[in-house]
Amino acid sequence: MDPDLLLAGLKGGNTAALARAISLVENGRPGFEQLLAQVHRSVGRARRIGITGPPGSGKSTLVERLVGAYRQAGHRVAVVAVDPTSPFTGGALLGDRIRMESVALDQGVYIRSMGSRGSLGGLATTTREVCDLLDAAGFDRILIETVGVGQSELDVARMADTTVLVLVPESGDGIQTLKSGVMEIADLFVVNKADRPGAEKLRQEIEVTLGIRRGNAFRNVPAHHGFDGRTVGPGTRAAGGDGRGGVRHAGGKDEPAAAPPQPSPPAARVPGPSVGPSDWSPPVVLTVAAKGDGLADLVAALDRHHAWLEETGALDQRRRRRLLDRTREVVDRAARRWVWEETRASERIEQRLDDIASRAASPYEVAAEVLRSLKQGERP
């Protein structure tokens, strides 16, 4: 399979060429790194949006609705849907695309399902590379749907421009929102299936949790009886006050009280940047994906976040960090292949296996010996 022909087909919008290129990369066939090297010069235009959350939160339905909204806006959309691979059979039921049947036949939509293949971060091992191919193929939006995750599957945040965490009212109590992990990586929160009881309560708990992490936990909570604690106005017991609104001067003379202050209006939720230009306050959006409710708010929030990324330079920083991680992964992959396929490392370990089993040597000592031999240039 000629990488040059595949690349030409990609740039020409040939769907068959795109499918073959993805299979080449996904299976690590000869020539896949050459293809990716050529593709690298054509990436960087598409917005990459990661959609993650626990099983059953409605991620696939939400993705389907987002695809429809972006298509109405004239964008070409690609979807990478990752499903879990069985640890027993090695197979995967690639069922996410079944839920996207309404958009699957659209010529401006490309859906690719992938098995996780043992990867524990919520994505497949080659999801990043597949997104590069889709970017080079000219798609404007790339939606990456992870497997149903728990609290520690965080890989999507390292490969997406914007990460959306989808929760449902049954996702847990307020303690769950305080826990570290997946709650910390989201740029946007979506409380899906918001027509169920507890949706508003979950939104408030998420907002309070976000405020605790930023030191302004109750910015969205109106003051008690409209009292504004930031100022000391008439009627407060400040130094020299009489408690009734008047001011007592030395000598006992009272002045009449000023007019009572008007109650402060409740603080409004701030869905976009908060105090300064470098701060992003993740909004919490209520949706009912099955009905399309709240979808316009979600699309608007995604657009605001991308605009903030561009204005603050955070988009460039994220993409540079992504390239750094990718380069390290390529080096790691090549180093592993070299160590186990082109040196005597495996043979030396097998020779010392009896010593390790009899406790005459430890795995650490044998590993140190192997590394010393590699540093000294020992080859087959």
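Reckoned from all heavy atoms, side chains included, excluding hydrogens, waters and symmetry mates. Residue indices begin at 1 and follow the sequence shown.
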Could you tell me if the side chain of [Y] sits less than 4.5 Å from the side chain of [X], heavy atoms only?
| X | Y | answer |
| --- | --- | --- |
| L66 | I49 | no |
| L7 | L35 | yes |
| V77 | V103 | no |
| R336 | D332 | yes |
| R319 | D161 | yes |
| T126 | M114 | yes |
| R45 | D140 | yes |

Give the cluster check for [X] versus [Y]: same hydrophobic cluster or not, with ILVMFWY residues linked at side-chain heavy-atom distances below 4.5 Å.
| X | Y | answer |
| --- | --- | --- |
| V25 | V331 | no |
| Y70 | V63 | yes |
| F32 | L134 | yes |

### Message
Before you tell me yes or no, could you show the steps for T162 and R47 under side-chain contact (heavy atoms from CB on, under 4.5 Å), namely the whole-Å CA-CA distance, both residues' side-chain angles and the distance that decides it to 0.1 Å?
### Response
CA-CA 8 Å; T162 301; R47 295 189 195 176; over 6 Å; no
Tell me whether [X] contacts the main-chain N or O of [Y] through its side chain, where contact means a donor paired with an acceptor under 3.5 Å.
| X | Y | value |
| --- | --- | --- |
| Q34 | G31 | no |
| S23 | R20 | no |
| D355 | A360 | no |
| K59 | P54 | yes |
| R65 | A289 | yes |

### Task
Give me the ring orientation class for W280 and W308: parallel if the planes are under 30° apart, tilted from 30 to 60°, perpendicular past 60°.
tilted
Could you tell me which non-hydrogen atom of [X] sits nearest to which non-hydrogen atom of [Y], and how far apart they are?
| X | Y | value |
| --- | --- | --- |
| I144 | C131 | CG1-SG, 3.7 Å |
| A160 | T163 | CB-OG1, 4.1 Å |
| A21 | L6 | CA-CD1, 4.1 Å |

Between [X] and [Y], is there a side-chain N and carboxylate O pair less than 4.0 Å apart?
| X | Y | value |
| --- | --- | --- |
| E329 | R158 | no |
| D195 | K291 | yes |
| R322 | D132 | no |

### Message
Between V191 and E200, is the side-chain contact (heavy atoms from CB on, under 4.5 Å) condition met? List the steps.
### Response
CA-CA 9 Å; V191 178; E200 183 61 35; over 6 Å; no
[atom1]-[atom2] distance between [X] and [Y], expressed to the nearest 0.5 angstrom:
| X | Y | atom1 | atom2 | answer |
| --- | --- | --- | --- | --- |
| L323 | R128 | CG | CZ | 11.5 Å |
| L24 | R29 | CG | CZ | 7.0 Å |
| T146 | M159 | OG1 | CE | 10.5 Å |
| T312 | Q317 | OG1 | CD | 7.0 Å |
| R48 | R141 | CZ | CZ | 13.5 Å |
| L143 | E64 | CG | CD | 12.0 Å |

### Message
Could you check whether atom CZ of R328 has more than 12 heavy atoms from other residues, nucleotides or ligands sitting under 6.0 Å from it?
### Response
no
### Query
More than 12 foreign heavy atoms under 6.0 Å from CG of L324: is that the case here?
yes
### Query
Are side-chain N/O atoms of T127 and R112 paired as donor and acceptor at under 3.5 Å?
no
### Task
Carefully, step by step, assess S57 and N192 under the rule side-chain contact (heavy atoms from CB on, under 4.5 Å).
CA-CA 7 Å; S57 58; N192 194 29; 5.7 Å; no
### Task
Using the side chain to side chain contact (heavy atoms under 4.5 Å, CB included) rule, pick out the option among T287, D297, L167 that qualifies with V190.
T287
## Note on the structure
Given the options V164, L210, L202, F189 meets side chain to side chain contact (heavy atoms under 4.5 Å, CB included) only with L210
### Task
List the steps, then state whether side-chain contact (heavy atoms from CB on, under 4.5 Å) holds for R372 with K375.
CA-CA 5 Å; R372 279 196 299 270; K375 290 177 182 178; 5.6 Å; no
